[in-house]
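Worksheet: the structure to be examined is printed underneath.
Numbering of residues begins at 1 and proceeds along the displayed sequence.
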Amino acid sequence: MRKRFALVGAAIAALVLSLLTVVPAQAAAGFTVSNGRLLDANGNDFVMRGVNHAHTWYVDRTTQSLKDIKALGANTVRVVLSSGDRWTRNDAADVTNVINQCKTNKLICVLEVHDTTGYQEQSGAVSLARAVDYWISVQSAMAGQEKYAILNIGNEPWGNTGYAGWTQATKDAITRLRTAGFQHTLMVDAPNWGQDWAFTMRDNAASVFAADPQKNTVFSIHMYGVFDTAAEINDYLNRFVTAKLPIVVGEFGHDHSDGNPDEDTIFATTQQLGLGYLAWSWSGNGGGVEYLDLAVGFNAANLSSWGQRAFNGANGIKATSREASVYGGGGNPTDTTPPSAPGTPSASGVTSTGATLSWTASTDNVGVSGYDVVRISGTAETAAGSSATTTATITGLSANTTYTFAVYARDAAGNRSARSGTVNVTTQSGGGGPAGCAITYKVTSQWQGGFQGDVKIANTGTAAVNGWTLRWAWANGQTVSQSWGATTTQSGSTLSATNVSYTGNIPVNGSVNFGFIGSWNGTNPAPTAFTLNGASCTAVQESRR
């Protein structure tokens, strides 16, 4: 899974940490995360469209490279830095210079420490804790730049050995950076050489996000040979979107020694979901992956086939990039063309309290950024939900009631489409549960005041379950703040979890899982009784591990 890099001028230097006074927390606002979306300092949605540049190995190429990258339409550049453990250290003065050049070219800087690449598998790789030491040593260069720079703690910070340690190490790194006074949006790379094939980042992202007291962390997946099918790409990215956890494709290519990535799906799905991407890499690759150069020999006039695809192809940088509004851009003020109307929605997974709606995608001259679902009663419309994809799960409905729904599409400039056709949905009567069900509830991790839970719903009956709502009552005032695999609502001590699109069907002898982040005070006992679509289920309780 590993990626090889050109180690030009890679004399290994001793790391000298300066004893700097910790910079206090900055009052100035920068990038933030809200409802799973990355917002710039003006509160506008920001979608990264850019490339990676290997600054630490090609310091003398950076000035022209950033000009060229901007001229080709990018709004973001991810810049390779070194802590000095494996390559020549980029000191605070150099970091300041890089940020200033990003600002001159109206680019957002994503700054990453590369020395962590393949930790515990690649010789010489250092820990995330060591990367944090570096960030603290150059904090004077980062302070006050929260509007323009995002701090990517460490590149691909685990190989394929010991990667289970990623979760706690990442939480610890976030905590230390916040304690040191960093106010920036943080970005964290996945383990397994960035490709997360064991799903360590995917399955622990919610608890990592919760560990950031500012709730201002973005996750970065690197897509190479592991992501060689549309199904794998769509499933991975949609799970984060459904859980309202921010995700970007921080690196990807059109080919690789470990397999052939499906780059067309990466471009299409990130555009559909409104997610950022950063292609690897501008120029200077070696060690057998020279084909990943976007510009041959750092020459912007000589783009490779990969460069042409990334910059000028369908859903590529030129067609979809929007300059950050802190530079006067953001959205597309000249775009006055609304998207086409979405297809008429269809309903599935209908229960007594909810349903999943699906529709054919809208089209737009620039790109669709999302969809709004409305409930119609006569001539009145009320908001029923929103989605970045072509499906939405609607909850909170009454049993044995008919509702009418429709969908609008919107683009990044705020243009709204005509309304789709309508669909009537009649909810089921209450109490329509399966003949048999078993619920396995377990606390997978717990900390002071908080915990992460996992729930398995097993269909032990004789008929498939098509859409479900699971309910239980907490015994000690526990509450849920985030969930994935289900949409949760709470009324007093009663928690209701309704399926999302990909968890709605449970075949006979099959099962689905969903997870959540909760809070507790005093004790945290497991619930003892569960109902699925109104029918009682067997409780299979597991103690915390």
Side-chain angles (χ1 to χ4, degrees), residues 35-37 45 47 227 229-249 262 264-277 314-315 319-320 337-351 354-376 381-397 403-425 466-467 484-487 498-505 512 514:
N35 202 33
R37 304 294 300 170
D45 201 60
V47 180
F227 293 91
T229 68
E232 291 166 321
I233 294 162
N234 285 319
D235 181 76
Y236 194 92
L237 296 177
N238 272 287
R239 284 175 183 262
F240 278 81
V241 171
T242 299
K244 297 190 182 303
L245 292 168
I247 182 79
V248 302
V249 181
D262 184 354
D264 289 339
T265 296
I266 295 170
F267 283 113
T269 299
T270 52
Q271 179 62 17
Q272 179 193 13
L273 298 178
L275 303 179
Y277 64 69
N315 301 305
T320 64
T337 304
S340 65
T344 300
S346 60
S348 63
V350 179
T351 68
T356 296
L357 302 180
S358 303
W359 55 89
T360 302
S362 175
T363 59
D364 186 65
N365 63 319
V366 176
V368 175
S369 60
Y371 297 90
D372 299 318
V373 180
V374 294
R375 193 169 72 198
I376 301 168
E381 293 182 359
T382 56
S386 62
S387 176
T389 70
T390 56
T391 63
T393 299
I394 310 302
T395 60
L397 306 180
Y403 297 88
T404 302
F405 296 100
V407 183
Y408 290 92
R410 48 187 159 76
D411 64 20
N415 300 307
R416 202 183 198 199
S417 74
R419 197 174 77 187
S420 73
T422 61
V423 61
N424 292 327
V425 178
N466 240 333
W484 52 99
T487 301
T498 300
N499 67 276
V500 296
S501 58
Y502 59 85
T503 59
N505 297 319
V512 295
F514 68 91

So, using side chain to side chain donor-acceptor pair (under 3.5 Å) as the criterion, who are the partners of [X] when residues are at least two apart?
X      : value
Thr344 : none
Thr389 : Ser387, Thr391
Ser346 : none
Thr356 : Thr393

Among all residues two or more places apart in sequence or in another chain, which pass the side chain to side chain contact (heavy atoms under 4.5 Å, CB included) test with [X]?
X      : value
Asn424 : Thr402, Thr404
Arg375 : Thr382, Ala384, Leu397, Tyr403, Phe405
Gln271 : Arg49, Asn315, Thr320
Ala409 : Pro339, Pro342, Ser362, Val368, Tyr371, Ser417

Pairwise side-chain contact, [X] with [Y], heavy-atom cut-off 4.5 Å (strictly under):
X      : Y      : answer
Thr487 : Asn499 : no
Leu357 : Val373 : yes
Phe514 : Trp484 : no
Thr422 : Arg419 : yes

Just jot down the ring pair (Phe, Tyr, Trp, His ring centres under 6.0 Å) partners of Tyr408, sequence neighbours excluded, or say none.
->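 Partners of Tyr408 by the ring pair (Phe, Tyr, Trp, His ring centres under 6.0 Å) criterion come out as none, since no residue qualifies.
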
What is the minimum heavy-atom distance between Ile376 and Ala406, and which atoms define it?
-> CD1-CB, 3.7 Å

Taking every non-hydrogen atom, the tightest pair across Val425 and Ala347 |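 The pair with the smallest heavy-atom distance is CG2-CB, 3.7 Å.
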
Excluding sequence neighbours, so at least two apart, what forms salt bridge (Lys or Arg N to Asp or Glu O under 4.0 Å) with Arg37?
-> Asp45

Residues that Asp372 engages under salt bridge (Lys or Arg N to Asp or Glu O under 4.0 Å), provided they are two or more places apart =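 By the salt bridge (Lys or Arg N to Asp or Glu O under 4.0 Å) rule, Asp372 matches Arg410, Arg416.
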
Hey, which of Asn234, Thr229, Leu237 is the one that makes side chain to side chain contact (heavy atoms under 4.5 Å, CB included) with Thr265?
->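 So the option named by the test is Asn234.
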
So which of Asp364, Thr363, Asn365 actually passes side-chain hydrogen bond (donor to acceptor under 3.5 Å, both in side chains) with Ser340?
->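 For Ser340, the side-chain hydrogen bond (donor to acceptor under 3.5 Å, both in side chains) test succeeds with only one of Asp364, Thr363, Asn365, which is Thr363.
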
Hey, could you give me the CD1/CD1 distance between Ile233 and Ile266, rounded to the nearest 0.5 Å?
-> 4.5 Å

Which pairs count as side-chain hydrogen bond (donor to acceptor under 3.5 Å, both in side chains) when at least one residue sits in residues 237-249, sequence neighbours excluded?
-> Asp235-Arg239

Look at the side chain of Thr503 and the backbone N and O of Gly485, then say whether any donor-acceptor pair between them is shorter than 3.5 Å.
->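 Judged by distance alone, yes, a pair lies under 3.5 Å.
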
